[in-house]
Amino acid sequence: AQSVTQLGSHVSVSEGALVLLRCNYSSSVPPYLFWYVQYPNQGLQLLLKYTSAATLVKGINGFEAEFKKSETSFHLTKPSAHMSDAAEYFCAVANQAGTALIFGKGTTLSVSS
Amino acid sequence: KAGVTQTPRYLIKTRGQQVTLSCSPISGHRSVSWYQQTPGQGLQFLFEYFSETQRNKGNFPGRFSGRQFSNSRSEMNVSTLELGDSALYLCASRPSGTTNEKLFFGSGTQLSVL
């Protein structure tokens, strides 16, 4: 069965610092992986997705993620944090049938000036 | 193009009552999915409708039901509300012929059960 685990429920960085949000997956088939962002009182917005093409995936707002099969990881990074990046981030994997997403518990990113 | 629209934005109900939430997908999208978001369980898939038929269902009790109309609008119903049903309910739509990489989410309905 597919699952994702997000390491760290809360990450704090300074403005301009590297952002690293960790996600490990478990999948019995080649996975489709996603990162979503949720701002307060809003729905989910897709940041980026991995669908078995390039292992380094670039998304919106300067975020990128690298798919590492050997480590079963799909960590999200951004070289320089901005105050506007403060939000909750969710890693997700498509279920085996591709009919639904299975989400991690989420990581809240705080950015201080 | 308008996004996924969910109404109402907030709801307060008491235990034992029932509630109906509404979702209007993006124009042209025929697939609508529902997710429940709680602090403890995170985001969990409820069900998906396509062309008025439920195609997939998550692991939720029968108190949770839904339907889809011919214009692709969807409603979700929860009967005999329990305190644990307090959650943000998110609706998502996607174009026909695509899978979950094309999901678009609404802002959700925040349900509080007292």
Side-chain angles (χ1 to χ4, degrees), chain A residues 1-10 21 23-25 27 29-54 57-60 65 67 74 87-108, chain B residues 2-10 21 23-26 30-50 53-60 66 87-112:
Chain A
Q2 267 77 335
S3 68
V4 289
T5 302
Q6 291 184 242
L7 303 173
S9 59
H10 200 134
L21 304 182
C23 173
N24 286 91
Y25 71 89
S27 178
V29 297
Y32 280 16
L33 294 160
F34 308 83
W35 275 100
Y36 281 88
V37 61
Q38 186 177 38
Y39 298 102
N41 300 314
Q42 294 188 28
L44 300 173
Q45 181 182 8
L46 180 66
L47 276 176
L48 49 80
K49 62 188 181 215
Y50 168 77
T51 55
S52 74
V57 182
K58 294 187 184 299
I60 61 171
F67 172 72
F74 189 58
E88 190 158 20
Y89 292 80
F90 293 92
C91 181
V93 62
N95 68 354
Q96 194 163 345
T99 55
L101 295 178
I102 300 165
F103 287 89
K105 297 290 189 187
T107 298
T108 300
Chain B
V4 178
T5 304
Q6 292 188 246
T7 57
R9 187 70 182 89
Y10 300 96
L21 314 181
C23 172
S24 293
I26 292 172
R30 291 163 61 192
S31 168
V32 173
S33 300
W34 289 89
Y35 287 80
Q36 182 197 61
Q37 184 178 11
T38 60
Q41 298 298 317
L43 281 147
Q44 295 182 287
F45 172 73
L46 280 154
F47 30 65
E48 180 194 15
Y49 284 85
F50 180 83
T53 302
Q54 187 182 90
R55 287 212 299 197
N56 303 290
K57 191 176 190 307
N59 190 26
F60 278 81
L88 179 67
Y89 290 88
L90 291 167
C91 167
S93 72
R94 58 182 172 87
S96 302
T98 64
T99 55
N100 288 292
E101 70 268 23
K102 294 287 189 183
L103 271 181
F104 295 85
F105 282 85
S107 297
T109 293
Q110 183 68 55
L111 172 64
S112 298

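Values below: every heavy atom of this structure, side chains too, minus hydrogens, waters and symmetry copies. Labels below follow one simple rule: chain letters A, B, ... track the order of the sequence lines, proteins then strands, and each chain is numbered from 1.
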Cut-off 4.5 Å, heavy atoms of chain B, and the answer for A:Q38 is side chain
Among residues at least two apart in sequence or on other chains, which ones pass ring-ring contact (aromatic ring centres under 6.0 Å, His included) with B:F104?
B:H29
From B:R9 CZ over to A:N41 CG, what is the distance, rounded to the nearest 0.5 angstrom?
5.5 Å
Atom CD in B:Q37, atom CZ in A:F90: separation rounded to 0.5 Å?
4.5 Å
For a 4.5 angstrom cut-off between non-hydrogen side-chain atoms, does B:F45 reach A:F103?
no
Taking all non-hydrogen atoms of both residues into account, name the closest pair between A:L44 and B:F105 and its distance.
O-CB, 3.5 Å
Does the pair A:L101 and B:L103 meet the rule for a side-chain contact (heavy atoms from CB on, under 4.5 Å), with working shown?
CA-CA 10 Å; A:L101 295 178; B:L103 271 181; 3.6 Å; yes
Quick one: does A:K105's side chain have a donor or acceptor within less than 3.5 Å of a partner on B:G40's backbone?
yes
Examine whether an atom of B:L90 lies under 4.5 Å from a heavy atom of chain A, and if so say whether it belongs to the side chain, the backbone or both; otherwise answer neither.
side chain
Under 4.5 Å from any heavy atom of chain A, what part of B:Y89 do you find: side chain, backbone, both or neither?
neither
Between B:Q44 and chain A, which part of the residue has a heavy atom less than 4.5 Å away: side chain, backbone, both or neither?
neither
Applied to residues 33-48 of chain B, the salt bridge (charged side-chain N to carboxylate O under 4.0 Å, His left out) test, sequence neighbours excluded, yields B:E48-B:R55, B:E48-B:R94
